[in-house]
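Note on naming: letters A, B, ... go to the chains in the order of the sequence lines (proteins, then strands), and numbering restarts at 1 for each one.
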Amino acid sequence: MGKKYDFKSIEAKWQKYWEENKLFKVDENPQKPKYYCLEMFPYPSGNLHMGHVRNYAIGDVIARFKHMKGFNVLHPMGWDAFGLPAENAAIKHGIHPAKWTNDNIEKMRTQLKSMGISYDWDREIATCKPDYYKFTQWMFLKLYENNLAYKEKATVNWCPSCQTVLANEQVINGACERCETTVEKKQLEQWFFKITNYAQRLLDDLEKLPGWPEKVKIMQKNWIGRSEGCEFSMHVDGADETINVFTTRPDTVFGVTYMVLAPEHPLVEKICRGKPQEAQVKDFVNKVKYISEIDRTSAEIEKEGVFTGAHAINPMNGEKVPIWIADYVLMEYGTGAIMAVPAHDQRDFDFAKKYNLPIKIVIQGENTPLDADNLTEAYTGDGKMVNSGEFNGLTVEEGKKAIIKYMEKNRIGKGAVNYRLRDWLISRQRYWGAPIPIIYCEDCKTVPVPEEDLPVLLPEDVEFKPSGESPLKYIEKFYKTSCPICGKEARRETDTMDTFVCSSWYFDRYCSPHNDDMPFTKETTDYWMPVDQYIGGIEHAILHLMYARFFTKFLYDIDMLSCEEPFTNLLTQGMVLKDGAKMSKSKGNVVSPEEIIKTYGADTARLFILFASPPERDLEWSEQGVEGAYRFLNRVWRLVTEYAEKIKAAKVPPGFEELNQATKELHFKTHFAIKKVTSDIEERFNFNTAISAIMELFNALNSYKDQSEQDLGVVKEAINNLLLLLSPFCPHICEELWQITGNNKSIYLQPWPRYNPEALVQDEIEIAVQISGKVKERIKVPANSSDEQIRQISLQNVKIQDLTKGKKIVKIIVVPQKLVNIVVK
RNA sequence: GCGGCAGUGGCGGAAUUGGCAGACGCGCUAGAUUCAGGAUCUAGUGGGAGCAAUCUCGUGGAGGUUCAAGUCCUCUCUGCCGCACCA
């Protein structure tokens, strides 16, 4: 009897071995193909959760597999270390955010290391360290230099609980992404990155990402929200004003029966001034101001509006139409003003019906009424233009082009594209972030901090207000400075940057994490970038992944990077659930990875999490499933240790011609498993089926054990391959067993096994015989049988003859190597 | 409302190109071992009928295409995710 499977000492032993021998340390090596495997770095909350375990287990299988396949694998880890929780801890418990964050990093690093992931820890980064955020500030300066960072007074999303503004992307259903507090609108002067300049490229280049899930690409596409149409101006009747409108349906411009301005539109006040409607309009504008964003944008709520008393002229036909203001027109989109065509737009239709505004049909579908009174809903389908003067008879598509052409020729308007994507608001009124490197001087105005003065250091000695207000605003020695241009006393920007700025370029930093002069060197990014495989949660589909793409494109444009897309392949892992719900403290269904690793070991935890579900799908946590994984490793341990001494001396035979049936079978199963596991990892990331193939090989070995006559060479081959195939999933136990069976070099340094096609050639194969599509018999035929021979053998089969007796055989279909279908009548 | 994904035993899931549905694991049942429990080992395990050989039904539902459908087509139900007055 051998030793029992003592995962604790085995895991500690090999983690130490890997670390001491720097097995996972990499450098650029032009002789070898590179592979950059990256998992989204965590926020150091202080506790590893199952989502992390899943994420990093997936990444580690890929990294270890690719390494054994001969790639030079970069597999780094770091910390997305700026952010609000650190500051909240400071307010609540009086711990400095830096200390809180560093303690958490220490704790989580230990937890991560106990998982045995193949990280090159020498490349570890933390975004809150001055040597990192120095370059986040550098990024800001470069964007500023290239007119892609600007400060503007705008209506912004304000979270009263977090005491800071939020980017559009961080507002979910009108509430703060972090704390779910209802977001307020505020007028503030804030810094933005001009991501909208890249809208078209961000959209177009999605095409260049075949390795991304369709779902993520669709989400980004919708978020960018490109729409094509035209912008034109309408004169205000009797005033020297024009109103620009954007429409995607210029073909319906003859059907305009009114127009609508957003209540916040700057012209509203002007055009109703002195009119009898003025008071009513003001009331309405005020009322809208106090409706929350959620209610305002809810589709359920009936549209409301008021007439301004003013009229506009339709430039195409000279018609005078009333100008309304209504809550369904948003100032943020397009020009904040629309032409209303109730006959062909459902929202306009609803509004027109409510306020008895005229409806005029200008597109005639095949079976649609011509009389607007018969219209029960807006007609938005295809058709021919009517009531549209010289444009009558054109289709919708032809009409759009013709009208735009006419407008351009007559200087009424022009073709235009609108995006839903807004510029990225990056200012945060918080302390624990990278300070925006800007100085305000009375004479020189806005002055960027010179590169050589970076980093603008966060002062450490600060006091946190219970209100959550940023202490930076009150620290004189921070904000009081001198102008870099004229030397006069000046004031520093006290806002910090959104943490998404830090995470938009960290994957570049991993390539040369210790460089002091540059965020990264081109030599290293030219070798490593782009990331070959990126793995993380779907919740970053828009935010992080779009910002990172934007940064990469910008860095490409300023010649810092040679790639335009940062992540070639993206794997979005599903959530880890318990009792059908996401694990959360409030639900009390959290399973702690630390506990699981303590009880069963990292190999078991990894095996279970990879086996339970394919990576993209949600995974239901099961204690019994974990035990099943643990049992499997124990069985592997027992079997291999039992054989260990016996197979040490055995030689894997070069040829396998002379084997008996059972041995041949084991040899076949070994090579079948190599083939299956390789393709499951490489082509499909289906780790669950790869593991089941390994289990099948184990089961074959286990039943072979009872053979009276054993070929130890074939057993050795099977065991060696079993360990090699299992090693990316459960590296510790495989290292130990690899050593016990007489190998003295780490299994990680072994080449990935290759299957021998000859071993997969079988003498006999089983063929299913169907009668009229139902399986009635299985027959064994020589593997090299022709279709005709298979056909004959099945027809001669006693059972088949019996079942077809007295029936007419209509047709026989032979599927090579698989089945025969005899169709009878 | 629009877009996407999914629905297969008691459970997690497999079936990669239209070709034997349920691999692998969990659970369960019986047996062996054990003072007992646990662990381990052996056998069985989709439903229904039958002593049995076997028959029959079966991939959310209803149709269809095909020699053959979990897989393709049409309609439909349910769940999840994203967007949501975007002009």
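Side-chain proximity of I338(A) to the nucleotides rG82(B), rC85(B), rA87(B) is greatest for rA87(B). Which of rC81(B), rA14(B), rC41(B) sits closest to the side chain of R617(A) comes down to rA14(B). Checked against rU16(B), rG4(B), rC55(B), the side chain of K776(A) finds its nearest nucleotide in rC55(B). Here the nucleotide nearest the side chain of S613(A), chosen from rU16(B), rA87(B), rG13(B), is rG13(B). When distances are taken from the side chain of S227(A) to each of rA87(B), rG19(B), rC85(B), the shortest belongs to rA87(B).
Nucleotide rG12(B) holds its P atom 12 Å from the CG atom of D618(A), rounded to whole Å. Note: CD (E214(A)) to P (rA6(B)) measures 12 Å, nearest angstrom. Atom CE of M546(A) and atom P of rG82(B) are 15 Å apart (whole Å). Whole-Å rounding puts the I224(A) CD1 to rA84(B) C1' distance at 17 Å.
Legend: residues meeting ring-ring contact (aromatic ring centres under 6.0 Å, His included) with Y419(A), ordered by chain and number and at least two apart, are absent. Shown here are the ring-ring contact (aromatic ring centres under 6.0 Å, His included) partners of W621(A), two or more places apart in sequence or in another chain: F608(A). For K675(A), the salt bridge (charged side-chain N to carboxylate O under 4.0 Å, His left out) criterion is met by no residue, not counting sequence neighbours.
Between the side chain of R249(A) and the backbone N or O of V396(A) there is no donor-acceptor pair closer than 3.5 Å.
Using a 4.0 Å cut-off between charged side-chain N and carboxylate O, K360(A) and E319(A) make a salt bridge.
rU29(B): Watson-Crick or G-U partner is rA43(B), with both key distances under 3.5 Å.
Comparing the C1' positions of rG48(B) and rG9(B) gives an interatomic distance of 14 Å, to the nearest angstrom. Rounded to whole Å, the C1' atom of rC55(B) lies 27 Å from the corresponding atom of rA62(B). Taking atom C1' on both nucleotides, rU59(B) is separated from rA21(B) by 8 Å, rounded to a whole Å. Only the C1' atoms considered, rG64(B) is 15 Å distant from rU71(B), to the nearest whole Å. Using atom C1' as the reference point in both rA32(B) and rA49(B), the two lie 33 Å apart (nearest Å). rG10(B) and rU45(B): their P atoms are spaced 16 Å apart (whole Å). Rounded to the nearest Å, the gap between the C1' atom of rA87(B) and that of rG7(B) is 38 Å. With both ends at atom P, the span from rU8(B) to rA14(B) equals 12 Å, rounded to whole Å.
For the side-chain contact (heavy atoms from CB on, under 4.5 Å) criterion with R635(A), the lone passing option out of Y630(A), Y5(A), F698(A) is F698(A).
For residues 681-692 of chain A, the salt bridge (charged side-chain N to carboxylate O under 4.0 Å, His left out) pairs, not counting sequence neighbours, are K69(A)-E682(A), D680(A)-R684(A).
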_Under 4.0 Å protein heavy-atom contact, by nucleotide of nucleotides 23-28 of chain B - B base, S sugar-phosphate only_ = BBSSS-
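No side-chain donor-acceptor contact under 3.5 Å links E665(A) and Y704(A). Looking only at atom types and distance, the side chain of T252(A) has no donor-acceptor partner in the side chain of Y379(A) under 3.5 Å away. With no hydrogens or angles considered, a side-chain donor-acceptor pair links R549(A) and Q220(A) at under 3.5 Å. N797(A) and Q801(A) share no side-chain donor-acceptor pair at under 3.5 Å.
For R420(A), no side-chain nitrogen or oxygen approaches OP1 or OP2 of rA87(B) to under 4.0 Å. Side-chain nitrogen and oxygen atoms of K4(A) include none within less than 4.0 Å of the OP1 or OP2 phosphate oxygen of rU40(B).
In rG9(B) the base sits syn relative to the sugar, since the glycosidic angle is no further than 90° from 0.
If you find the closest nucleotide of RNA chain B to I218(A) and to T248(A), the one lying nearer the 5' end belongs to I218(A).
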For nucleotides 66-69 of chain B, print each protein N/O atom paired with a nucleotide N/O atom at under 3.5 Å, atom names and distance only.
{"from": "rC67(B)", "atom 1": "OP1", "to": "K811(A)", "atom 2": "NZ", "distance (Å)": "3.4"}
{"from": "rC67(B)", "atom 1": "O2'", "to": "N821(A)", "atom 2": "ND2", "distance (Å)": "3.3"}
{"from": "rC67(B)", "atom 1": "O2", "to": "N821(A)", "atom 2": "ND2", "distance (Å)": "2.6"}

